[in-house]
Each structure stands twice: as C-alpha cells, then as structure tokens.
Asker: 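Below you'll find the structure I mean.
Being a predicted model, the structure only gives us computed values, none of them experimental. Keep in mind that the numbers below use all heavy atoms, side chains included, and drop hydrogens, waters and symmetry copies.
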Amino acid sequence: MRVLLVGAGGVGGAITRIAARRPFFEAMVVADYDPDRAEAAVAALDGDARFTAEQVDAGDEAAVARLLRWHRCDVLLNATDPRFVMPLFRAARAAGATYLDMAMSLSRPHAERPYEECGVKLGDEQFTQAADWEKEGLLALVGMGVEPGLSDVFARYAADELFDEIEEIGIRDGANLTVDGYDFAPSFSIWTTIEECLNPPVVYETGKGWFTTEPFSEPEVFDFPEGIGPVECVNVEHEEVLLVPRWVDARRVTFKYGLGREFVETLKTLHLLGLDRTDPVAVPGPDGPVKVSPRDVVAACLPDPATLGERMHGKTCAGTWVRGVKDGEPREVYLYHVVDNQWSMAEYGSQAVVWQTAINPVVALELLATGAWSGAGVLGPEAFPARPFLDLLTDYGSPWGMREQ
C-alpha cells in the first residue's frame, strides 16, 4: 500500500507517528500547503525511508491527482479540515485511488426551517456519487476518525453481537481535560468545532427520518468512565447520525457532546458577533481593505491544538451508548475508548484528542491493506465487520471498553 496523506497538522502528524510503528504499507507521502510542516512531520520519524514530504494545495484537485499518480499512491488519506473534503474526494476518484477521510462533506441548513428540517446534510455531496464509485470499483471510506469512525464501529458491533433489537444509539463524547495557562483553548480545530456545534443538530427517528433541532438542545448529564465522571452533554451536528441509520437498524440515533457551560456560552457569543462566519469580510489594512474570514481570524487568535499537549491534563472519552433488547430482556451498554493525555504525550508526543482521532484511520488502512476490509462505493465504517477493527485497535496498544448500564 502506498498512501498520500494530505494534511500535516496535529492529526496528520499523529498519523505518521502511529503508522511508523506498523509494517503494512510501502510508502506514505506527507503533503501539506505549508512545506515546512510536511518536512517537520517526516523529520520527526528518525529517518524512516517510507515517508517523504511534498507541498500541495488541498483545494487544487488537479495537483492532488498528479501527486497521487507521480508517487503511485493507491490511497488518499484526508487529514485536512472539512472545507477540502470534496476536492480531495474528487481528486482520489480521478486518480483511481481509494479515499479515506475523518469528516464528511459540509452541510447547509434549511433556508426556511433550519431547526426543524434538514437542508443539505453532512455527506450528501459524497453519497450522490456513490453509484459512480461503485461502478468504477473504487472505495471511499468516509467518516473514519474517532467520531465519526470508531463510534460507528461500536454501533456495528452492538448490532451484530450485543443486541437483537436496538431502540436507540447515542454517541456520547466527554472529557475532563484542562489546559494550563489558557482560559479558553479548544483541544481540537476551532474551525471544525464551530461548524459542528453551531449548525442545527440532526436527529434520526424511524418513521420520521432525519430532522433538526436548535443548537445545544436536549441537555443531559452522562457519567463517563475511568474517572472522567458526569458531564453535561448537548445535541450537536455530527456525521454518525447521518451514517449509522444507513447500515444499522435503530429506532433513534443522536450525537451529544460534553462541551461544558463556558464553552457553549463562548460559541454562542462568537455566533452573536458574527465571528463564526466563513464568508470573507473587508478589514482595513495599510495597503487598503483586506478580505478575511471571521472564523479564520478566530482560529488564528487561538493556540494550535497540536501544540497544547505539554499543558494538557486529563482524559478524553469517545463512545457509543446503546439501548435495546437481547434474548427478550432489556439491555443498555456504553462502548467506549479513553485516552489519557499524559500517556499519549509520553508514548507518541501527541495530545490525547488528536491522537485518538489519528489512530483509527491508521487501523482502517491496515485492514484495507490486509483485505480484512474491502468494498466499493461510498461507505461508512458501519458497512464493515466490527470485530477485526476492535481486535486490531487493541493490538495497537489502545484497548476499548464496555460498561453495562
């Protein structure tokens, strides 16, 4: 397997460190718009000749396709933010390569009823091309990070091995992470966080299909394992709600994120001030007006999440809560994966949130390389058998857990 990794930021850098310990691939080309960042990611790998650095604009489909062909890469792994999903998705297909991402094509709220009906849903642009990918015998594995990704694998595992009927699947994400020296320092891309938290959350129900609610709706306190404890979680737009019902039979699917009151109020303030907008606005400059995106300004004012590891303390938990029936009896479980920041920093030099995101696409790549996973079309993680993934995740030294509720 020869891989083109596009994006050498926090998650991309963690991917290279995790992959460097595995023998399943022949080469990995690390490409970024900033050539210094790509070079730094490769230089950190102690001379592993399988890794090389390149410069590429993720929005330039033709350039990405040329790079795939030049290096004879058969897989494109997208580690950029969601704005670049579609150009990279199309570039992979043009070059005849397998495509894998950790987030899906962006949504657009319904013009008249944004908090009741879906407009363009997450992943819609990709799924409209599913038949073409399948006809050409190509695979696009979408939403293969931790959430979405591992959370979807948990949903598949629950359906196959733990339940006869599923009433509800709820992704629940929480942490007790703190960052020394900062009053507000998100542990993941603020650009992506704003996108998923301020868009109308999507809920799925049998008979009703997909519908939306207001941001931060249906608050609940969820007790997270391994010492994290109770965290208030709220509805957030996320890919699992759009993926799970396509392959898993469940009467209701939700995603709730443990953000905390202060974080929620900060996001609401950004929205109130229009600082969550992506359309450029004119800002006075020494040589005349300069057009900048308010959201990009917010991102530039905050610390890079990849650099916060030394200041971070605590654990992060991603998991899937499932309620249903097994052998005629009610059952409720929480399948989860916890990463301690102190461990991930000591072992890989990556902070917990980006490391937890990064390990899952590497596991998926290895399953594709060995043939344990295979397919054609635009497929989510739930389209594949769960047990090989969970076994390999444990083999990577990062076991998962299950708690009977």
Asker: Should the pair His337 and Trp355 be assigned to parallel (<30°), tilted (30 to 60°) or perpendicular (>60°) ring geometry?
Answerer: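 Plane angle under 30°, so parallel.
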
Asker: List the steps and the verdict of side-chain contact (heavy atoms from CB on, under 4.5 Å) for Asp152 and Tyr157.
Answerer: CA-CA 9 Å; Asp152 304 72; Tyr157 175 73; over 6 Å; no

Asker: Once you round to the nearest 0.5 Å, how far does NE2 of His238 lie from CG of Leu242?
Answerer: 11.0 Å

Asker: How would you list all residue pairs meeting salt bridge (charged side-chain N to carboxylate O under 4.0 Å, His left out) that involve residues 56-65, not counting sequence neighbours?
Answerer: Glu61-Arg90

Asker: With rounding to the nearest 0.5 angstrom, report the OG1 to OH distance, Thr320 to Tyr334.
Answerer: 7.5 Å

Asker: Kindly compute the distance separating CG (Asp48) from CZ (Arg21), expressed to the nearest 0.5 Å.
Answerer: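 These two atoms lie 12.0 Å from each other.
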
Asker: What's the verdict on side-chain contact (heavy atoms from CB on, under 4.5 Å) for Met1 and Met28, showing C-alpha distance, side-chain angles and the deciding distance?
Answerer: CA-CA 9 Å; Met1 174 180 282; Met28 182 173 289; over 6 Å; no

Asker: Can you sort out the partners of Glu116 under side chain to side chain contact (heavy atoms under 4.5 Å, CB included), two or more places apart, ordered by chain and number?
Answerer: Arg113

Asker: Residues in ring-ring contact (aromatic ring centres under 6.0 Å, His included) with Phe263, at least two apart?
Answerer: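 Once residues adjacent in sequence are excluded, the partners of Phe263 under the ring-ring contact (aromatic ring centres under 6.0 Å, His included) criterion are Phe184.
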
Asker: Please enumerate all residues that pass side chain to side chain donor-acceptor pair (under 3.5 Å) together with Ser350, with sequence neighbours excluded.
Answerer: Arg17

Asker: Tell me, which pairs form a ring pair (Phe, Tyr, Trp, His ring centres under 6.0 Å) where one or both residues lie in residues 356-392, sequence neighbours left out?
Answerer: Trp373-Phe384, Trp373-Phe389

Asker: Do you know which two heavy atoms are closest between Pro114 and Pro109, and how far apart they sit?
Answerer: CB-CB, 4.1 Å

Asker: What distance do Asp340 atom CG and Gln356 atom CD have between them, rounded to the nearest 0.5 Å?
Answerer: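 Between Asp340 CG and Gln356 CD, I get 11.5 Å after rounding to 0.5 Å.
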
Asker: For Glu39, enumerate each residue passing the side chain to side chain contact (heavy atoms under 4.5 Å, CB included) test, keeping only those at least two apart in sequence or located in another chain.
Answerer: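 Once residues adjacent in sequence are excluded, the partners of Glu39 under the side chain to side chain contact (heavy atoms under 4.5 Å, CB included) criterion are Ala53.
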
Asker: Could you measure the distance from the CD1 atom of Ile15 to the CG atom of Leu77? Nearest 0.5 Å is fine.
Answerer: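 Going from the CD1 atom of Ile15 to the CG atom of Leu77 covers 4.5 Å.
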
Asker: Which heavy atom of Ala364 sits nearest to which heavy atom of Leu100, and what is that distance?
Answerer: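 Taking every non-hydrogen atom into account, CB-CD1, 4.1 Å.
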
Asker: Which pairs count as salt bridge (charged side-chain N to carboxylate O under 4.0 Å, His left out) when at least one residue sits in residues 348-357, sequence neighbours excluded?
Answerer: none

Asker: Tell me which pairs pass side chain to side chain donor-acceptor pair (under 3.5 Å) where either residue lies in residues 300-319, with sequence neighbours left out.
Answerer: Asp180-His313

Asker: Please assess Thr98 against Asp74 for the test side-chain contact (heavy atoms from CB on, under 4.5 Å), listing each intermediate value before the final yes or no.
Answerer: CA-CA 6 Å; Thr98 294; Asp74 46 356; 6.0 Å; no

Asker: Taking Thr212 for its side chain and Glu117 for its backbone only, find out whether a donor-acceptor pair lies under 3.5 Å.
Answerer: yes

Asker: For Arg83 and Asp81, what are the C-alpha separation, side-chain angles and deciding distance, and is it a salt bridge (charged side-chain N to carboxylate O under 4.0 Å, His left out)?
Answerer: CA-CA 6 Å; Arg83 287 174 289 182; Asp81 74 53; 2.7 Å; yes

Asker: Just verifying a value: how many Å separate Asp276 CG and Ile194 CD1, rounded to the nearest 0.5 Å?
Answerer: 6.5 Å

Asker: Considering only distance and modelled atom types, tabulate donor-acceptor pairs under 3.5 Å from the side chains of residues 130-138, sequence neighbours left out.
Answerer:
unit_1, atom_1, unit_2, atom_2, d
Glu136, OE1, Arg93, NE, 3.3
Glu136, OE2, Arg93, NE, 3.2
Glu136, OE2, Arg93, NH2, 2.8

Asker: Give every residue pair that meets the ring pair (Phe, Tyr, Trp, His ring centres under 6.0 Å) criterion with at least one member in residues 14-70, sequence neighbours excluded.
Answerer: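 Pairs touching residues 14-70 that pass the test: Phe25-Phe51.
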
Asker: According to the side chain to side chain donor-acceptor pair (under 3.5 Å) rule, which pairs have a member within residues 245-259, sequence neighbours left out?
Answerer: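 Found Glu165-Arg251, Glu167-Arg251, Glu168-Arg252, Arg172-Thr254, Glu205-Arg252, Glu218-Arg252, Glu220-Lys256.
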
Asker: Which ring pair (Phe, Tyr, Trp, His ring centres under 6.0 Å) pairs, counting each pair once, include a residue from residues 91-117, with sequence neighbours left out?
Answerer: Phe89-Tyr99

